[in-house]
There are 2 protein chains.
Amino acid sequence: MEIRIGDLAKRSGCEVVTIRYYEKEGLLPKPARSGGNFRLYGEAHIERLQFIRHCRSLDMTLSEIRALLGLRDNPMQDCGEVNTLLEAHIQQVEMRVSALLQLKRHLVDLREKCSGSRSVEACGILQGLGNCNYHGESATNSQTSG
Amino acid sequence: MEIRIGDLAKRSGCEVVTIRYYEKEGLLPKPARSGGNFRLYGEAHIERLQFIRHCRSLDMTLSEIRALLGLRDNPMQDCGEVNTLLEAHIQQVEMRVSALLQLKRHLVDLREKCSGSRSVEACGILQGLGNCNYHGESATNSQTSG
DNA sequence: AAAATCTCTATAGTCACTATAGAGTCAAGT
DNA sequence: ACTTGACTCTATAGTGACTATAGAGATTTT
């Protein structure tokens, strides 16, 4: 049962380029090649890629995933590390949520400041942004990844 | 009243390199230079940089900020656009929060699966990550900026 | 005068991809 | 046999918002 990269992409809901990227990053082992130099994948690759995608859907970084894969690959080790890693990740997510909620409060406050005046000059929002009442580095980054 | 880039950095809580970066990106106008080619900033720059940093602390992207600065620079325009931009940003933040909360539920579920077994092999967490029960691209990116 | 600090430009790296260019491979249709 | 189209290959550059580095020059302090 050998499938090509496009089929693997379809099965895993992951783009072809991303699969090659994971290979380059050492998350996926180099697969066999066909006569025409096409990558040929088997069951093990499919399962491993699904594992990776699942972790990504949980917003883990590639290096976290690398660590998990490492643990999975030597199954004699203690399970505690897996736990620790997950725990740390949950905490990160929690911190990010609370930072965002605080952020949102500021934004909503700001929105109230617009009196509906015609000119930008008189708009309370821009004025609110001008004088710094609250200083604080937000601990979050934007960008939505598809 | 002319200050150098290091002082501006201290006043704005923003690194020197970041100030130069904003200049390169067109958010800050090119300042005057001293005899020794050092950048010299005045009040207007200070205020503008504070505006930018405030917007950044609200997690706005540089292009959102560029738009706001553009509106600020021609104050004859309608204030509605400022409102629209802010509204859109609030919605983005809301979406991100709800995506993260869903994420967290999955992670906590997963944590429960570890039975405290000694070996990684038997750990329910890794098994939980292996079979994909929930598929869904999370709409978030990690990384904490500080 | 020497040392320490600050500033300059230019370039490369971060993360997890995405996009592009230009070429080769393969299966189906004519 | 030939062409069309879909698929695959490698290599390189771009994204966003910076951060890090190298190597040089300016200024301030000792």
Side-chain angles (χ1 to χ4, degrees), chain A residues 2-28 30-41 49 52-67 69 89 92 96 137-146, chain B residues 2-28 30-41 49 52-67 69 89 92 96 137-146:
Chain A
E2 302 197 310
I3 63 174
R4 297 206 306 223
I5 199 168
D7 293 327
L8 182 56
K10 262 173 222 144
R11 276 183 195 238
S12 56
C14 169
E15 298 220 39
V16 166
V17 281
T18 305
I19 296 174
R20 287 196 282 251
Y21 172 69
Y22 289 158
E23 179 182 327
K24 210 177 66 181
E25 292 297 302
L27 297 176
L28 280 178
K30 305 207 173 202
R33 296 287 183 130
S34 74
N37 200 30
F38 286 7
R39 288 170 178 83
L40 296 178
Y41 296 98
L49 181 54
I52 295 170
R53 293 308 287 176
H54 193 172
C55 290
R56 282 296 296 143
S57 82
L58 295 174
D59 222 25
M60 294 183 190
T61 63
L62 293 195
S63 86
E64 285 175 312
I65 298 171
R66 221 187 309 271
L69 286 171
H89 187 63
Q92 269 179 37
R96 215 131 64 78
E137 312 280 311
S138 90
T140 59
N141 263 13
S142 308
Q143 287 166 45
T144 37
S145 75
Chain B
E2 302 197 310
I3 64 175
R4 297 205 308 220
I5 199 168
D7 294 327
L8 182 55
K10 262 173 223 145
R11 276 182 195 238
S12 57
C14 169
E15 299 219 37
V16 167
V17 282
T18 305
I19 296 174
R20 286 197 282 252
Y21 172 70
Y22 289 159
E23 178 182 328
K24 209 177 68 182
E25 292 297 303
L27 297 176
L28 279 177
K30 305 207 174 202
R33 296 288 182 129
S34 73
N37 200 31
F38 287 7
R39 288 171 177 83
L40 296 176
Y41 297 98
L49 181 55
I52 294 171
R53 293 307 288 176
H54 193 172
C55 291
R56 282 295 295 142
S57 81
L58 295 173
D59 222 25
M60 295 183 190
T61 63
L62 293 194
S63 88
E64 284 175 312
I65 297 171
R66 221 188 308 272
L69 286 170
H89 187 65
Q92 270 178 37
R96 216 129 66 76
E137 314 281 313
S138 88
T140 58
N141 263 13
S142 307
Q143 289 166 41
T144 38
S145 75

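Note: hydrogens, waters and symmetry copies are ignored here, and every other heavy atom, side chains too, is used. Note on naming: letters A, B, ... go to the chains in the order of the sequence lines (proteins, then strands), and numbering restarts at 1 for each one.
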B/Ile65 backbone acceptor or donor facing B/Arg56 side chain under 3.5 Å | no

Cut-off 3.5 Å, no hydrogens considered: what does the side-chain donor-acceptor table look like for residues 16-23 of chain B, sequence neighbours left out?
| residue | atom | partner | partner atom | Å |
| --- | --- | --- | --- | --- |
| B/Tyr22 | OH | B/Arg53 | NH1 | 2.7 |
| B/Glu23 | OE1 | B/Arg39 | NE | 2.8 |

Between CD of B/Glu64 and P of D/dA17 the distance, given in whole Å, is 9 Å

Determine, stepwise, if the pair B/Arg4 / B/Leu40 fulfils side-chain contact (heavy atoms from CB on, under 4.5 Å).
-> CA-CA 5 Å; B/Arg4 297 205 308 220; B/Leu40 296 176; 4.0 Å; yes

Rounded to 10°, the helix from C/dA1-D/dT30 to C/dT30-D/dA1 deviates from straight, judged by its five-pair end axes, by 20°

Winner on side-chain proximity to A/Ile5, out of C/dA16, C/dT9, D/dT8, is D/dT8

Just how far, in rounded Å, is P of C/dC26 from CG of A/Leu40?
-> 10 Å

Side-chain N or O of A/Thr61 less than 4.0 angstrom from OP1 or OP2 on C/dC15?
-> no

Nucleotide nearest B/Glu15 (side chain, heavy atoms from C-beta), chosen from D/dT19, C/dC17, C/dC8 | D/dT19

Please check if the side chain of A/His89 supplies one atom and the backbone of A/Glu64 the other of a donor-acceptor pair under 3.5 Å.
-> no

Short side-chain N/O contact to C/dT25 OP1/OP2 from A/Ser34, under 4.0 Å | no

Do the side-chain N or O atoms of B/Arg56 get closer than 4.0 angstrom to the phosphate oxygens (OP1, OP2) of D/dC18?
-> yes

Side-chain contact check for B/Tyr21: nearest option of D/dT27, D/dT19, D/dC18 is D/dC18

Atom pair CD1 (B/Ile5) and CD (B/Glu15), whose distance is rounded to the nearest 0.5 Å | 11.0 Å

How many angstroms lie between atom CG of A/Asp7 and atom OG of A/Ser12, to the nearest 0.5 angstrom?
-> 10.5 Å

CD of A/Glu23 versus P of D/dC9: gap in Å, rounded?
-> 9 Å

If you find the nucleotide of DNA chain C closest to B/Lys24 and the one closest to B/Val16, which residue's nucleotide is nearer the 5' end?
-> B/Val16

Nearest-Å distance, CD1 (A/Ile3) to P (C/dC26)?
-> 17 Å

Just to confirm, is there a sub-4.0 Å distance from OP1 or OP2 of C/dC8 to any side-chain nitrogen or oxygen of B/Arg39?
-> yes

Does B/Tyr22 make a side-chain N or O approach to OP1 or OP2 of D/dC18 shorter than 4.0 Å?
-> yes

Between C/dC17, C/dT18, C/dT9, which nucleotide gets closest to the side-chain atoms of A/Val17?
-> C/dT18

Could you check whether B/Arg20 gets within reach of a base, just the sugar-phosphate, or nothing at all, counting any heavy atom under 4.0 Å?
-> base

Residue mapping more 5' on DNA chain D - nearest nucleotide basis, B/Ser63 or B/Phe38 | B/Ser63

What integer distance in Å separates A/Glu25:CD from C/dT18:P?
-> 14 Å

Could you tell me the separation between the CZ atom of A/Arg33 and the P atom of C/dC26, rounded to a whole number of Å?
-> 13 Å

Taking CD from B/Glu2 and C1' from C/dT7, how many angstroms apart are they, rounded to a whole number?
-> 16 Å

Between B/Leu62 and B/Gly35, name the one whose nearest nucleotide on DNA chain D is closer to the 5' end.
-> B/Leu62

Test A/Asp59 against A/Gln92 for side-chain contact (heavy atoms from CB on, under 4.5 Å), laying out the working first.
-> CA-CA 10 Å; A/Asp59 222 25; A/Gln92 269 179 37; over 6 Å; no

Only counting residues at least two apart or in another chain, list the ones meeting ring-ring contact (aromatic ring centres under 6.0 Å, His included) with B/Phe38.
-> none

Taking CG from B/Asn37 and P from C/dC6, how many angstroms apart are they, rounded to a whole number?
-> 18 Å

